[in-house]
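What follows is one structure encoded as structure tokens, with my remarks underneath.
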Amino acid sequence: MDKFFYITTPIYYPSAKPHMGHAYSSILADFFARFKRIQGYKVFFLTGTDEHGQKIQKAAKENGMDPKDFCDKISKTFFDLSKTLNLSNDDFIRTTELRHKKSVETLWNILEKKKEIYLSKYSGWYSISDEAFYSDDEIEDKDNKKISKISGSQVDWVEEESFFFKLSKWQKPLLKYYEENPNFILPESRKNEVVSFVKSGLNDLSISRKSFTWGIKVPSNKDHVIYVWLDALTNYLSALNYPDTSNIHYKSYWPASLHLIGKDILRFHAVYWPAFLLAANIEPPKRVYGHGWILSGEEKMSKSRGNILDPIEIIQNYGLDPLRYYLIKEVSFGNDGNISKDKLESCINSDLANNYGNLCQRVISFIEKNLKLNVPENYNFIAQDTKILKIYEDEFNKLVDSIDSQNINYYVNFVQNQLFVANKYFNDQEPWKKKGDKDRLNTILYVSLELIRKISIMLYPIMPNSTLKALKIFNITENIIDFNSIKNHEYLKINEKINKISILFKKIEKND
RNA sequence: CGCGGGGUGGAGCAGCCUGGUAGCUCGCAAGGCUCAUAACCUUGAGGUCGGCGGUUCAAAUCCGUCCCCCGCAACCA
């Protein structure tokens, strides 16, 4: 029976151009998607853009553009980014699409029919840029203006009719859901935050606005636009052809396996979203993972500090795969991490060029010179060979578990460790001194090739382009990569030719 | 008492939940090797785990308290 895996990134809000944080979320999601694919799962990987709301309407107006044209333009930059990052996403959803509109309207109607929504009036201090209301003690005066203490953005007194979602009613069911699904919110530290937030009590949620028009209209009352978050979150269903719940996509992939998001939007995903779904009698997603932020050095990236690292520019200068590797390996997943050109450069030199790239190079050129690129024959494993090869067999389940629990640093550290092991093996076995002992020489080279194959497969989800280059040695193409094959030690067939490859990663000359 | 994150060898981090000789990568020093992208391998130096107090046979790890840094001022992942 087929096994299914549905992973999503947040849909990005295209009020400005993509930055490192968007790249980070997307790259991580792609890593999981690619891993599950080579593990044999049927994967659906979704990303896209969230294009409704007052901010977009306002930004469009400032640019003298129609909101839709404005969205088309900026959404394209995010679409382009997905190409630049070599994402393997199966779909790219935009909330301005008809399929999404239908999906949101259906969800709304269900909630309304189930009496989860009621019409009332909201009055309070509202911040356009935060898209949030603040209470009296959350605002202060500054320069004759009212601003939010929390965000510092300007707030205005707003009094308007609004539809409300009976969020308060779902406090207990949510807590029960968290308890019954202890891994619904990860990492654990953030789960605690969410749980205590819910425990402290939930107010009903205003889920419509009358103050602007750019969005999906409330079906039963066209004066209202549906609240951005109710609109946006539903994208995860829309892409599966919801409301057609009998279609194969929906049946296979819902509930989502993993919503990968930044920690700042955890509340929407871990509280509101499951509440909406429970209220509509739809199964909530299996997991929401709130990752940290990427900082520049010690500080948050900001234009005023001039320490911004544009992902596009980094990729142009250093290449995509090094950036992907860096973000996945150097950042302790779940925590904030930081990136600097300096650290990226030394990561490229030591991990990629010296360690992985050089391993491939030394082994292949040795085989080229001594065996004319034939697969070594008459190999005969002795204890020191099997000991190394068997590590992959022994660790296999742990590696799979580490991915399934999003403990990706364990996985990456394992690979890095095996790179050291492989280089040490080649060093210790000294094939250059074994030219008189053909059988032993062949065995050493055979084992070395196998190590390169296993390591390259493991690195594939992180660096698809570079590892596909390396796997050309063995004529392994993307469609036949099989993670399970790292357990196998006799993959290579005698009489086959292997292929020479060019240098995988060039070292960066440091001039400081 | 605003909220949250954090303080572990020169740098970046893991370990803390479930106490038991302090671990990883980079950097540094010495040696080895020469197949390879001056790459690789070995060994070594370097930390009283922010301070103080407590619990314990035993604390980076648990409890209390204090100090310091960072984000919450947007390019919201």
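First the proteins, then the strands, lettered A, B, ... as listed; each starts at 1. Note: hydrogens, waters and symmetry copies are ignored here, and every other heavy atom, side chains too, is used.
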> Taking only side-chain nitrogens and oxygens of Ser332(A), does any of them come within less than 4.0 Å of OP1 or OP2 of C13(B)?
Replying inline: no

> How many Å lie between CG on Leu266(A) and P on G4(B), as a whole number?
Replying inline: 14 Å

> Mind checking the C1' distance from U8(B) to C24(B)? Whole angstroms is fine.
Replying inline: 12 Å

> Is any side-chain heavy atom of Tyr289(A) less than 4.5 Å from a side-chain heavy atom of Leu28(A)?
Replying inline: no

> Separation of Asp351(A) atom CG from C40(B) atom P, in whole Å?
Replying inline: 10 Å

> Knowing that exactly one of Asn358(A), Ile348(A), Asn354(A), Leu352(A) qualifies, which makes a side-chain contact (heavy atoms from CB on, under 4.5 Å) with Lys507(A)?
Replying inline: Asn354(A)

>> Can you see if the side chain of Lys343(A) gets near the phosphate of C26(B) - specifically, an N or O under 4.0 Å from OP1 or OP2?
In response: no

>> I need the CG-C1' distance between Asn354(A) and A39(B), as an integer number of Å.
In response: 6 Å

> Separation of Lys341(A) atom NZ from C26(B) atom P, in whole Å?
Replying inline: 24 Å

> If you find the nucleotide of RNA chain B closest to Lys263(A) and the one closest to Asn413(A), which residue's nucleotide is nearer the 5' end?
Replying inline: Asn413(A)

>> Is His291(A) close enough to A77(B) that one of its side-chain N or O atoms is under 4.0 Å from OP1 or OP2 there?
In response: no

> Between atom CG in Asp336(A) and atom P in G12(B), what is the gap in whole Å?
Replying inline: 15 Å

> Is Pro431(A) touching bases, backbone alone, or none of the nucleic acid, heavy atoms closer than 4.0 Å?
Replying inline: nothing

> Among A77(B), U37(B), G32(B), which nucleotide sits nearest the side chain of Ala353(A)?
Replying inline: U37(B)

> Should the heavy atoms of other residues, nucleotides or ligands under 6.0 Å from CZ of Arg440(A) be counted, would the total exceed 12?
Replying inline: yes

> Looking at U37(B), A77(B), U25(B), which one has an atom nearest to any side-chain atom of Ile294(A)?
Replying inline: A77(B)

> Within less than 4.0 Å of OP1 or OP2 of C33(B), is there a side-chain N or O belonging to Lys433(A)?
Replying inline: no

> Given U34(B), C41(B), A77(B), which nucleotide is nearest the side-chain atoms of Trp432(A)?
Replying inline: U34(B)

>> Need one value for Leu359(A): base, sugar-phosphate or nothing, where a base atom within 4.0 Å counts as base even if backbone is also close, heavy atoms only.
In response: nothing

> Taking the C1' atom of each, how far is C26(B) from G64(B), in whole Å?
Replying inline: 38 Å

> Ser365(A) has a side chain; which of C41(B), A14(B), A36(B) sits nearest to it?
Replying inline: A36(B)

> Of all the choices, G71(B), U37(B), C35(B), which nucleotide is nearest to the side chain of Phe426(A) once you look at every atom?
Replying inline: C35(B)

> Of all the nucleotides listed (A36(B), A77(B), C41(B)), which has the minimum atom distance to the side chain of Asn427(A)?
Replying inline: C41(B)

> Can the ring centroids of Tyr326(A) and Tyr318(A) be said to lie less than 6.0 angstrom from one another?
Replying inline: no

> Going through the checks in order, is the side chain to side chain contact (heavy atoms under 4.5 Å, CB included) test met by Arg287(A) and Asn183(A)?
Replying inline: CA-CA 7 Å; Arg287(A) 182 166 300 170; Asn183(A) 293 321; 3.3 Å; yes

> Checking all strands, does Asp264(A) fall into the base, sugar-phosphate, or nothing category for heavy-atom contacts under 4.0 angstrom?
Replying inline: base

>> Taking only the C1' atom of each, what is the distance from G9(B) to G5(B) in whole angstrom?
In response: 24 Å

> Can you tell me if Gln416(A) and Asp351(A) form a side-chain donor-acceptor pair at under 3.5 Å?
Replying inline: yes

> Between C26(B), A36(B), C33(B), which one does the side chain of Ser350(A) approach most closely?
Replying inline: C26(B)

>> Heavy atoms only, 4.0 Å cut-off, all strands: where does Gly290(A) land among base, sugar-phosphate and nothing?
In response: nothing

> Nearest-Å distance, CD1 (Ile444(A)) to C1' (C33(B))?
Replying inline: 15 Å

> Counting side-chain heavy atoms from C-beta on, which of U25(B), A14(B), A77(B) comes nearest to Gln416(A)?
Replying inline: U25(B)

>> Could you tell me if Arg362(A) sits above the aromatic ring of Phe426(A), with its cationic atom closer than 6.0 Å to the ring centre and no more than 45 degrees from the axis?
In response: no

>> Taking only the C1' atom of each, what is the distance from C1(B) to G10(B) in whole angstrom?
In response: 37 Å

> With respect to the side chain of Tyr12(A), which nucleotide from A77(B), U37(B), G12(B) is positioned closest?
Replying inline: A77(B)

> Can you tell me how far C1' in C68(B) sits from the matching atom in C41(B), rounded to whole Å?
Replying inline: 42 Å

>> Taking the C1' atom in each of G46(B) and G19(B), what is the distance between them to the nearest angstrom?
In response: 27 Å

> Could you give the CD-to-C1' distance, from Glu188(A) to U18(B), as a whole number of Å?
Replying inline: 12 Å

>> Please compare Asn335(A) and Asn423(A) by the position of their nearest nucleotide in RNA chain B and report the one closer to 5'.
In response: Asn335(A)

> Phe35(A) and ring-ring contact (aromatic ring centres under 6.0 Å, His included): which partner among Phe45(A), Tyr460(A), Phe5(A), Tyr411(A)?
Replying inline: Tyr411(A)

>> Taking the minimum atom-to-atom distance to the side chain of Lys424(A), which one of U37(B), U42(B), A14(B) wins?
In response: U42(B)

> What is the distance, rounded to the nearest whole Å, between atom CG of Leu451(A) and atom P of A36(B)?
Replying inline: 19 Å

>> With a 4.0 Å cut-off on N to O distance, would you call Glu450(A) and Arg453(A) a salt bridge?
In response: yes

> If the C1' atom of A45(B) is compared with that of C40(B), how far apart are they to the nearest Å?
Replying inline: 22 Å

>> Under 3.5 Å for both pairing distances: what stems, at least three Watson-Crick or G-U pairs long, include RNA chain B?
In response: B:2-7 with B:67-72, B:10-13 with B:23-26, B:28-32 with B:40-44, B:50-54 with B:62-66

> Is it the case that Thr95(A) and Asn235(A) place a side-chain donor and acceptor less than 3.5 Å from each other?
Replying inline: no

> Counting any heavy atom closer than 4.0 Å, what does Ile265(A) reach on the DNA or RNA strands: base, sugar-phosphate only, or nothing?
Replying inline: sugar-phosphate

> In whole Å, what separates the P atom of G44(B) from that of A39(B)?
Replying inline: 23 Å

